[in-house]
Number of protein chains: 2
Amino acid sequence: MIQSINRAMQIIETLSQNEKEQWLASELAEETGLPISTVYRITQSLIQHGLVTQIEATKHYELGYKWMELGLKMFEKLDVRDVTRPVLERLALEVEETVYLNLPRGFHSIIIERIDSPRNVKILDSIGERIPLHIGGANKSILANMPHKEVEEILERLVPVKLEREEFKKELASVKQKGYGISYGEKTKGTIAIGSPVFDFDGRVVGAISIEVLAYDITDERMRFFIEKVYEAAQQISSELSGAQLG
Amino acid sequence: MIQSINRAMQIIETLSQNEKEQWLASELAEETGLPISTVYRITQSLIQHGLVTQIEATKHYELGYKWMELGLKMFEKLDVRDVTRPVLERLALEVEETVYLNLPRGFHSIIIERIDSPRNVKILDSIGERIPLHIGGANKSILANMPHKEVEEILERLVPVKLEREEFKKELASVKQKGYGISYGEKTKGTIAIGSPVFDFDGRVVGAISIEVLAYDITDERMRFFIEKVYEAAQQISSELSGAQLG
DNA sequence: AGAATCTATTCCGCATTGTGGAATGAAAGC
DNA sequence: GCTTTCATTCCACAATGCGGAATAGATTCT
């Protein structure tokens with residue numbers, strides 16, 4: 001709605017693209033389609049606020065410290081994380097695969113915690129990464145346990161075709177009933193993700209933990225093992241979040 | 001320079017204040033001195049970009065997910081952190097106090113990692129917190145090892161009185177020579193911080209690790225012990241960052 | 001060394017954008 | 001049912017931000 005803010009965010013988003021770390025004013029202008037004088041004026045303003053940094057020597061622009069400052073501040077406040085970490089760590093050891101904690105934010109979930117697989121072959125999605133809520137085992141188990149009204153709103157945006165949406169809601173019902181969701185190569189081809197929801201003391205979903213494994217060496221038995229472990233871990237976290245004392 | 005961006009950041013900074021988590025539009029207007037219609041227009045725009053979230057039910061505003069998304073993304077890129085963590089963890093066990101890793105950003109340093117003291121009495125500064133570069137043992141050991149030109153620029157801003165500045169530079173020279181910096185209650189009254197610099201493969205300071213202890217139960221002997229341990233840990237991290245293989 | 005070709009950075013007249021006071025609407029308290 | 005307290009919308013006005021073009025500075029080519 002406010003032009004300068006939109007444009008500022010265009011520049012910020014460009015700077016945050018993974019492919020490239022350093023951008024020149026001219027490159028930013030090219031990428032965003034904005035006049036270079038405009039890019040210049042806006043970056044100056046953003047620099048004032050710490051949202052963008054300019055490397056003096058090379059004139060390159062980068063994201064500024066403010067993102068880390070406020071991002072970490074928000075991050076620290078999440079006490080779900082503190083409870084989750086030890087459980088996830090044990091889970092990672094038991095299953096020998098990479099495990100994740102995701103929390104929903106709007107139409108996406110954010111990867112909040114990741115414990116890497118102790119094995120050599122790792123599948124690594126980054127902490128901070130955002131994944132649309134209809135993609136992946138973890139997210140499906142989040143959606144499956146959200147209030148219907150919210151789910152409707154989210155799906156209308158993410159799944160435009162009505163028929164698909166109805167299909168998807170049937171899947172969610174099953175995910176809710178079973179207590180876990182599975183995705184086959186939805187986010188990353190060749191991998192399977194198993195997610196299970198985490199609830200707070202009010203019984204509301206606050207997020208989901210998940211395990212991501214390579215599809216090629218999966219057997220039925222291993223699958224059952226993973227599901228059981230992930231489900232147990234999610235249950236334990238939920239219990240701890242609701243204040244119960246488990247042995 | 002750009003009014004709407006300045007105002008947007010005023011609102012963001014207000015939202016990020018620790019005292020209060022949730023703000024109404026009217027409260028934001030009061031706090032920032034902006035007309036309420038302006039607050040409204042700007043927050044709407046910020047919501048579009050995920051910089052601010054509005055709790056539907058209560059109309060309260062909070063910081064949006066974008067800060068976490070980009071903040072964590074930047075955070076993940078810091079490989080100093082990966083190298084540092086295990087060393088810091090061992091250090092925390094050995095000294096039984098809270099230890100920190102700080103990285104400089106502009107005129108401040110940011111707390112990037114914290115390993116809590118295993119003891120009951122903890123001194124806890126938050127991850128993400130920003131501390132002016134002339135405050136504290138860690139920051140002094142960073143400043144002491146920066147290029148003179150940069151130090152001059154930073155000190156002109158942080159220490160306005162010329163005489164004090166000259167005094168401070170003498171202290172920095174000593175910190176550089178000794179390899180560690182000490183501060184007595186500079187950031188938190190009643191505590192002592194001992195910091196030691198961390199260097200990359202080029203021999204440039206990338207940050208500092210530090211230990212923060214309560215002043216009242218400190219003896220000369222303990223002090224020597226802490227200094228030695230912090231110094232050793234910093235050395236080890238620097239070696240690892242420069243690619244050397246230590247036993 | 002001088003010309004040519006880049007970029008970053010600044011300038012400034014113009015009009016689009018953002019402004020903010022006031023009106024509306026909706027909800028809570030008396 | 002009247003008053004207060006908010007959020008939200010409206011709109012005439014002009015300040016703010018716009019962007020093409022000029023400048024300055026750096027680098028490469030002849």
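In what follows, every chain begins at residue 1, and chains take the letters A, B, ... in the order their sequences are listed.
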Quick one: A:Lys59 NZ to C:dA8 P, roughly how many Å, whole number? 9 Å
B:Arg41 CZ - C:dG18 P separation (whole Å): 8 Å
Could you tell me whether the phosphate oxygens of D:dC18, OP1 or OP2, come under 4.0 Å of any side-chain nitrogen or oxygen in A:Thr38? no
For the pair made of CD1 in A:Ile36 and P in C:dC11, what is the distance, rounded to whole Å? 17 Å
Sugar-phosphate, base or nothing in reach of A:Ser26, heavy atoms under 4.0 Å: sugar-phosphate
If you compare every side-chain N and O of A:Gln3 against the phosphate oxygens of D:dC18 (OP1, OP2), does one of them come in below 4.0 Å? yes
What integer distance in Å separates A:Leu28:CG from D:dG19:P? 16 Å
Going by an N to O cut-off under 4.0 Å, is there a salt bridge joining B:Lys140 and B:Glu186? yes
Round to a whole Å and report the spacing from CD of A:Gln48 to C1' of D:dG17. 16 Å
Answer yes or no: does a side-chain N or O of A:Tyr40 lie under 4.0 Å from OP1 or OP2 of C:dT9? yes
Rounding to an integer number of Å, can you tell me how far A:Leu34 CG sits from D:dG20 C1'? 15 Å
Between A:Ser45 (side chain) and A:Ile42 (backbone), is there a donor-acceptor pair under 3.5 Å? no
Please report the closest heavy-atom contact between A:Phe107 and A:Arg157, naming both atoms and the distance. CE1-NH1, 3.1 Å
Can you identify which nucleotide, out of D:dG17, C:dG21, D:dG20, has its nearest atom closest to the A:Ser37 side chain? D:dG20
Gap between atoms CD and P, on A:Gln54 and C:dT7 respectively (whole Å): 16 Å
Starting at atom CD of A:Gln44, determine the distance to atom P of D:dC18, rounded to an integer number of angstrom. 14 Å
